[in-house]
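Following: one structure in C-alpha cells, then a few remarks.
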Amino acid sequence: MSESSASVTGNILDVEKIRKDFPILSQTVRGKPLIYLDNAATTHKPISVIERVRKFDAEEYGTVRRGTYKLSEHATRLYEDARQKVADFMGAEKKGEIVFTSGTTQAINLVAHSFGKRFVSEGDEIIISNIEHHANTVPWQVLCEERGARLKVIPVDDDGELMMEEYEKILSPKTRMVAVNHVSNALGTINPIKEITQKAHAAGARVLIDGAQSTPHLKLNVQDIDCDFYTFSGHKMYGPSGIGGVYGKMDLWEEMPPYVTGGDMIMQVTLEKTTYAKPPARFEAGTPPITQVIGLDAAIDYLNEIGLDKIAEYENSLLEYGTRLFKEIEGVRIIGNARSKASIISFFSDSAHPHDMVHFLDQDGISCRGGHHCAQPTMIRYGVPATTRASMAFYNKPEELDALAESVQKCIRFFS
Ligand code: PMP
C-alpha cells in the first residue's frame, strides 16, 4: 500500500515546512535520507531551541537565585518564567508546583523517596502496572523493600490495555500510591488516567502519572486529571536533554522532606541543624541545569505554536496509516493493539530478532529501536525477548512509514 501523503494526513500540518525547522532531519545516513523513528527515546530539536540555547549561553548566562547583579537577576527571571511556562503547559494551578529535575527518572526517584519517607510504612501497598518503564518500577520496588511495603501490579490484557476490574480488586485502604504511565513507551497504550486517579482517590491513595511519553503528544491538564504528581522529560519534548520535572500538588510538596540536600534547598543552616526552604526550592538542591531550562522554555513555545491538538490529530493519522501497513506484512505481529494509542508501533517477527532487524533498517537510513525498551516486565507478559519499535513525531511523513514497511519486509525475506 502506498497512499499519497495528503490522503493520509490531509492538511492537518505543513510537515515539509516543519521539517525545515529541524536541521538534523536533512542529513543522509549511509547514503540514504535519514528516517528518524525513535522519537519515544528522544526527539530532535528545532532551530528555535538550538538558537535560544546558543543566545542564552553567549549573551545572557548567569547563575540563578544567588546573585544580586544584572546577569544573575536576568537568568533567575528567565528560569522562573520557564517554570511558569511549564505550569501553564501542564495546566497546574501554581508555578511553584513544578519542580525541575534532570528528567522523569529523577522525578520518580524524588517522589518515591520523599513521599515514601513521609507517607509509606510497613504493610502499606504501592500499585504500578505491568506496562511501566523501569523508571516507574524500580524506584517503587526499592521503596517497598526499604519500608516493608508491598508492590502490587495491575495486569494488562492481550491488546495492551490495563485490566481495570483487576485494578479495582487490588486497590485497598492500604494503598498509598498508584503510579502508572499516561502512555506506555513499549506499546503506545494511552491509559485511562482520569479514571485511575478517581478510583485511587476514592480508596484514599495518591497518584503519580509518568508523563514521559504523553507530554510531547497529548494536550494536558493536570488539574482536570486531578493526579497528585505528573512527570515529564524535556528531551522527549523537542527540548534539551538533562532537564525535566514533576508537577505535584502544593499541599503534598509542603509535607514532603527533601530528597537531595545541599545548597539552595535550605532556609537556615547552623552546625547543629538545618531548616528547609519551601517547595519548589526544597527539591532543587544545587545549581540547576540553567541553560537546559531556558531551552525547555523555547521547546514549549514551539509545541504551543503548532498546537498539541493538531499534533495529536496528525500523529494519529500517521499511527493509523502505519498500523494498516504493518497489519499487511506477513510474519509480523504488532505488540500492543489498545483501542487508544499514541504514536508507537511495536512489532515482532519470528524471522528476525529485533536487534538484527534494527541493524538491517539502519542500512536503509532508518533509525528504529530494537530491545526491551526498559520495560522487561512488558516483554515477559507478551512472551517476546524484545520488539522493534517505530515511534513517530509530527515531523514524520507517511512516505517514511512506506519505506519502513518495505525495509522490514526485505529484512524478513533476508533472514527467512
Ligand atoms: N517513563 C517512560 C514511559 C519513558 O518512556 C521514559 C524514557 N524512555 C522514562 C520514563 C525515563 O525518562 P528519562 O530517561 O527521560 O528519565
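Each ligand, and each atom within it, is numbered from 1 in the order the structure gives.
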### Query
Any Lys/Arg nitrogen of Glu313 or Lys310 sitting under 4.0 Å from an Asp/Glu carboxylate oxygen of the other?
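Here Glu313 does not pair with Lys310 in a salt bridge, since their nearest N and O are not under 4.0 Å apart.
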
### Task
Can you establish whether the number of heavy atoms outside Lys174 located under 6.0 Å from its atom NZ is more than 12?
no

## Note on the structure
The option among Ser214, Ser233, Gly242 carrying the non-hydrogen atom nearest to atom 12 (O) of ligand 1 is Ser233

### Query
What part of His373, side chain, backbone, both or neither, has a heavy atom within less than 4.0 angstrom of ligand 1?
neither

### Query
So which of Val207, Leu208, Asp210, Leu220 actually passes side-chain contact (heavy atoms from CB on, under 4.5 Å) with Tyr230?
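One option only clears the test, and that one is Leu220.
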
Top protein contact for [atom], by heavy-atom distance:
atom: atom 8 (N) of ligand 1; answer: Lys236 NZ, 2.7 Å
atom: atom 14 (O) of ligand 1; answer: Thr105 OG1, 3.7 Å
atom: atom 4 (C) of ligand 1; answer: His133 CD2, 3.3 Å
atom: atom 5 (O) of ligand 1; answer: Gln213 NE2, 2.6 Å
atom: atom 2 (C) of ligand 1; answer: Asp210 OD2, 3.4 Å

### Task
Check the side chains of Ser391 and Asn39 for a donor-acceptor pair under 3.5 angstrom, ignoring hydrogens and angles.
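No.
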
### Query
Less than 3.5 Å between some nitrogen or oxygen of Gln106 and one of ligand 1, yes or no?
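Looking only at distances, the answer is no, because the N/O contact criterion of under 3.5 Å is not met.
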
### Query
Below 4.0 Å from any atom of ligand 1, is there a heavy atom belonging to His134?
no

#### Entry: Aromatic contact, Tyr259 with Phe283 (centres under 6.0 Å)
no

### Message
Are Tyr247 and Phe89, when compared by the centres of their aromatic rings, separated by less than 6.0 Å?
### Response
no

### Rounded distance [0.5 Å steps], CD1 in Ile98 versus CD in Glu284
10.5 Å

### Message
Which of the numbered atoms in ligand 1 are under 4.0 angstrom from any heavy atom belonging to Ala212?
### Response
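With Ala212 as reference, the close atoms of ligand 1 come out as 1 (N), 2 (C), 4 (C), 6 (C), 9 (C), 10 (C).
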
